[in-house]
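Worksheet: the structure to be examined is printed underneath.
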Amino acid sequence: MSKGYLVDTTTDQVYAGKTAEHPNTNRAVDETKGRYATHNGNLITAFYHSSSGGYTDDSENVWLNAVPYIRAVEDPYDNNPGNSRHSWTTTMTRSQIGEAVFERGWTATDITIESKSRAGRVQSMTVTGMSPSGRVDTVRIPSANGSSDSIRWSLGQSLNSTKFDVEFPDQDARVRLPGGGTSSVELNGAEMALPGEQTITLRSNQMQVRTANGVEVIRPSSDTVVFNGNGWGHGLGMSQWGAATMAQQGYSYTDILQHYYTDIRIERR
């Protein structure tokens with residue numbers, strides 16, 4: 001603790017003062033006094049988070065810098081019955097995302113996950129938006145020098161983690177046919193015929209169509225974007241829920257630390 005004091009936020013795991021201390025945690029402190037986790041003889045920085053969602057990650061996949069003992073490990077222990085964020089769902093609107101990524105009045109028309117880490121965390125994504133006047137633009141998240149962890153708070157509502165997939169429910173739109181009837185068209189992923197027997201695949205949740213009265217925008221029947229994810233926090237180092245499960249199953253503290261921190265030693269000093 002280099003700063004010399006504790007604070008009552010998640011920085012120090014919401015330390016609530018001496019009156020909130022528990023005999024079990026005090027015992028744990030006393031019994032591990034003088035024992036240190038090291039890597040190549042140096043003290044480690046023991047990053048931790050609430051829930052890994054089943055897999056921790058390499059440090060450079062989240063915070064850019066490679067740390068040799070912060071490596072991705074499979075974490076079946078994270079699926080504790082009490083862990084409500086081992087899997088989760090967050091719903092946003094296209095307008096909410098559009099205003100967060102672009103500016104007021106914009107609507108997100110498409111979100112594409114460009115790459116993921118081996119552990120399943122989103123490394124980069126693009127958001128395409130449309131302004132009220134019909135202007136279209138695409139933004140990459142994170143920016144060139146940004147960390148992928150910033151994706152969690154870039155879309156207008158904080159996500160529990162970057163370990164997620166995106167779903168667009170009810171993307172269909174109704175279009176009128178030449179005979180007077182109507183048909184349902186899936187906007188994103190639909191194939192459109194071009195002259196010369198060629199086709200293109202639509203990659204947008206809105207489409208501009210030329211009509212007798214000018215250009216109109218076909219919009220999907222739902223404004224909803226659904227994020228289905230796993231875990232809570234950055235996903236580096238020890239999962240608190242996973243560590244709790246391992247302890248409940250009889251693993252020692254050295255077993256737990258050496259599971260989450262790669263190639264470390266527990267030394268007396």
Side-chain angles (χ1 to χ4, degrees), residues 47-80 83-94 96-98 100-102 108-129 137-169 171 186-189 201-205 224-242 259-262:
F47 300 117
Y48 63 91
H49 55 282
S50 178
S51 169
S52 70
Y55 228 110
T56 69
D57 220 316
D58 296 337
S59 58
E60 65 268 28
N61 291 336
V62 179
W63 289 341
L64 302 180
N65 297 323
V67 179
Y69 50 85
I70 303 295
R71 302 291 89 193
V73 298
E74 190 172 1
D75 189 18
Y77 310 104
D78 186 77
N79 194 12
N80 186 297
N83 182 6
S84 63
R85 289 184 174 86
H86 178 75
S87 60
W88 50 265
T89 297
T90 296
T91 300
M92 300 186 203
T93 65
R94 290 186 174 87
Q96 180 182 10
I97 296 170
V101 175
F102 300 98
T109 59
D110 189 35
I111 299 175
T112 301
I113 294 175
E114 300 288 345
S115 63
K116 286 186 175 184
S117 68
R118 179 169 60 92
R121 286 177 178 79
V122 177
Q123 299 295 282
S124 64
M125 61 192 299
T126 57
V127 179
T128 300
D137 195 8
T138 299
V139 170
R140 182 187 182 277
I141 303 173
S143 58
N145 297 318
S147 72
S148 64
D149 198 41
S150 66
I151 292 172
R152 285 197 281 160
W153 49 84
S154 296
L155 301 176
Q157 181 178 334
S158 292
L159 296 171
N160 292 321
S161 74
T162 57
K163 189 173 170 59
F164 62 80
D165 291 304
V166 183
E167 177 185 347
F168 295 91
Q171 296 180 87
E186 183 81 9
L187 294 182
N188 196 0
T201 301
L202 300 179
R203 294 301 182 192
S204 178
N205 293 301
T224 302
V225 181
V226 178
F227 297 83
N228 295 307
N230 300 93
W232 191 14
H234 48 66
L236 300 182
M238 187 182 71
S239 159
Q240 291 174 297
W241 275 110
H259 170 69
Y260 288 107
Y261 303 104
T262 302

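FYI, the numbering just counts along the sequence from 1.
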Between S84 and W232, is a side-chain contact (heavy atoms from CB on, under 4.5 Å) present by the stated rule, with each step listed?
CA-CA 10 Å; S84 63; W232 191 14; over 6 Å; no
Decide yes or no on side-chain contact (heavy atoms from CB on, under 4.5 Å) for L155 and V127, but give the supporting numbers first.
CA-CA 9 Å; L155 301 176; V127 179; 4.2 Å; yes
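Between T90 and F164, every side-chain heavy-atom pair lies at or beyond the 4.5 Å cut-off. Side-chain contact between L159 and M92 is present, with at least one heavy-atom pair separated by less than 4.5 Å. Using a 4.5 Å cut-off on side-chain heavy atoms (C-beta onward), F227 and V122 make no contact.
What you find for L64 and E60 is that their closest heavy atoms are O-CB, 3.3 Å. Heavy-atom minimum distance, S124 versus P142: CA-CD, 4.1 Å. Closest of all the heavy-atom pairs between S239 and Y260 is N-CE2, 3.7 Å. Of all heavy-atom pairs between V62 and H234, the closest is CG2-O, 3.7 Å.
Of the residues D78, N160, N79, the one that meets the side-chain hydrogen bond (donor to acceptor under 3.5 Å, both in side chains) test with S51 is D78. Of the candidates K163, R118, R121, Y55 forms a side-chain hydrogen bond (donor to acceptor under 3.5 Å, both in side chains) with just one, namely R118.
Between the side chains of T128 and T109, no donor N or O sits under 3.5 Å from an acceptor N or O.
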